Amino acid sequence: MRRPRKMAAAAERMKIFIGTLNIWLISVVLGIIVYEGRPGPMTPLPLKWYDNLVRRIGPLLPLLVVGVRLIALMCPIQRWSQSTSKPSATEIGLVYIGITILRVLIYLLHLGVEGSSLMTKMPSWIQGDGQLMSDHIVLGASMICILQIEAVFFWREYETRRRAGYRRLPGESQPQPWRLIVVAFAFVLACVLFGLTCADMYYTARHFHPRFQSSLALSIGFFVFQVPSAIWVYHRL
């Protein structure tokens, strides 16, 4: 009975991960489909402020959600319940650091290719404006990946509470309202960042990179970030 129950829980986790993945992929693919080139002076860019924010501190934005969640879940009231024996906080931290390091390595490799003679040998439809791909979309993919993992954590917290009938869990003192408020705030913050990032990358693919560049970036993000993370989520969360 225990194994089927674990498999059912893993399937639920994957529904959340794949659902958020579909939203991300559809957002960027729509931008690729309706690509219309550089925006004119009258073209509305409602997320320019967020785009600038992502360029400056993009990798740090998902960590805001992580930090807020940890403030609530590391307090004596609740230590991520009994279901969090795996993965450890260290393992989760290593996963997030790994995503960040991979994103930096891809960026450096991208710069190296663009600055080499290899670019001049590529067809004009690949060269475009002198860039090989959209590094901005790769950055967005790494941000989305961390937010997807956080979404699974929120689901685990909810499921743990639901199975307990919303009563106190073993080893937990009386629930305090502030903790629920902090967790709810972290969830709302994750949803807002997820939506803004998807929308920002839609405009990036629509206006700032030819279809090949956006498609290559989306594919790299999918295979480097989303696929390994999905496997980790299935087996470890």
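None of the values given here were measured: they were computed from a predicted structure.
By the rule that hydrophobic residues join a cluster once side-chain heavy atoms approach within less than 4.5 Å of another member, Leu60 and Ile101 end up as members of separate clusters. No chain of hydrophobic side-chain contacts below 4.5 Å, direct or via other Ile, Leu, Val, Met, Phe, Trp or Tyr residues, connects Val104 to Leu94. At a threshold of 4.5 Å between side-chain heavy atoms, the hydrophobic network of Ile, Leu, Val, Met, Phe, Trp and Tyr places Val34 and Leu218 in one connected group. Residues Ile18 and Trp155 fall within the same hydrophobic cluster, defined by Ile, Leu, Val, Met, Phe, Trp and Tyr side chains chained together at heavy-atom separations under 4.5 Å.
Between Glu150 and Val65, the shortest heavy-atom distance links the atoms OE1-CG1, 4.0 Å. The two residues Val66 and Ile146 make their nearest non-hydrogen contact at CG2-CG2, 4.4 Å.
Partners of Val227 by side chain to side chain contact (heavy atoms under 4.5 Å, CB included), not counting sequence neighbours, listed by chain and number: Phe222, Phe223, Ile231. Residues satisfying the ring pair (Phe, Tyr, Trp, His ring centres under 6.0 Å) test with Phe194, not counting sequence neighbours, are none. Listed by chain and residue number, Val192 satisfy the side chain to side chain contact (heavy atoms under 4.5 Å, CB included) test with Val188 (two or more places apart in sequence, or in another chain). Ile26 is linked by a side chain to side chain contact (heavy atoms under 4.5 Å, CB included) to Leu30, counting only residues two or more places apart in sequence or in another chain. Contacts of Lys15 classified as side chain to side chain contact (heavy atoms under 4.5 Å, CB included), with partners at least two apart in sequence or in another chain: Glu12. Looking at residues two or more places apart in sequence or on another chain, you find no side-chain hydrogen bond (donor to acceptor under 3.5 Å, both in side chains) involving Tyr203. In terms of the side-chain hydrogen bond (donor to acceptor under 3.5 Å, both in side chains) criterion, residue partners of Ser134 (sequence neighbours excluded) are, by chain and number, His209.
Between the OG atom in Ser142 and the CD1 atom in Ile99 there is a gap of 7.5 Å [rounded to 0.5 Å]. With values rounded to the nearest 0.5 angstrom, Ile57 atom CD1 is found 11.5 Å from Asn52 atom CG.
More than 12 heavy atoms of other residues, nucleotides or ligands lie within 6.0 Å of OH in Tyr35, so this atom counts as buried by the packing criterion. Few gaps surround OH on Tyr202; more than 12 heavy atoms of other groups in view lie less than 6.0 Å from it.
Checked for salt-bridge contact, Asp200 and Lys48 miss the test: no charged N lies under 4.0 Å from a carboxylate O.
Screening residues 187-198 for side chain to side chain donor-acceptor pair (under 3.5 Å), with sequence neighbours left out, gives Tyr50-Thr197. Every pair passing side chain to side chain donor-acceptor pair (under 3.5 Å) that includes a residue from residues 53-66 is listed here, sequence neighbours excluded: Asp51-Arg55. Residue pairs meeting the salt bridge (Lys or Arg N to Asp or Glu O under 4.0 Å) criterion with at least one member in residues 182-194: none, sequence neighbours excluded. Residue pairs meeting the salt bridge (Lys or Arg N to Asp or Glu O under 4.0 Å) criterion with at least one partner in residues 202-225, sequence neighbours excluded, are Glu36-Arg206. Every pair tested for salt bridge (Lys or Arg N to Asp or Glu O under 4.0 Å) that includes a residue from residues 219-235 fails, sequence neighbours excluded, so the list is empty.
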Next on the checklist: Working note: Leu109 + Leu105, criterion side chain to side chain contact (heavy atoms under 4.5 Å, CB included); need CA distance, chi angles, decisive distance, verdict.
Outcome noted: CA-CA 6 Å; Leu109 180 61; Leu105 290 176; over 6 Å; no

Next on the checklist: Run Leu196 and Trp49 through side chain to side chain contact (heavy atoms under 4.5 Å, CB included) and show every step you take.
Outcome noted: CA-CA 11 Å; Leu196 286 173; Trp49 63 273; 4.0 Å; yes

Item to check | Audit row: Arg38, His207, side chain to side chain contact (heavy atoms under 4.5 Å, CB included) steps and yes/no | outcome: CA-CA 5 Å; Arg38 291 280 174 175; His207 291 296; over 6 Å; no

Checklist entry - Would Ile144 and Gln226 count as a side chain to side chain contact (heavy atoms under 4.5 Å, CB included) if you check the C-alpha gap in whole Å, the side-chain angles of each, and the deciding distance to 0.1 Å? => result CA-CA 9 Å; Ile144 288 292; Gln226 266 91 22; 3.9 Å; yes

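You'll find the side chain of Tyr96 stays beyond 4.5 Å of the side chain of Pro62, heavy atoms only. Contact of the Met201 side chain with the Trp24 side chain is registered, since non-hydrogen atoms from C-beta on lie closer than 4.5 Å. The shortest distance between side-chain heavy atoms of Arg103 and Asp135 falls below 4.5 Å.
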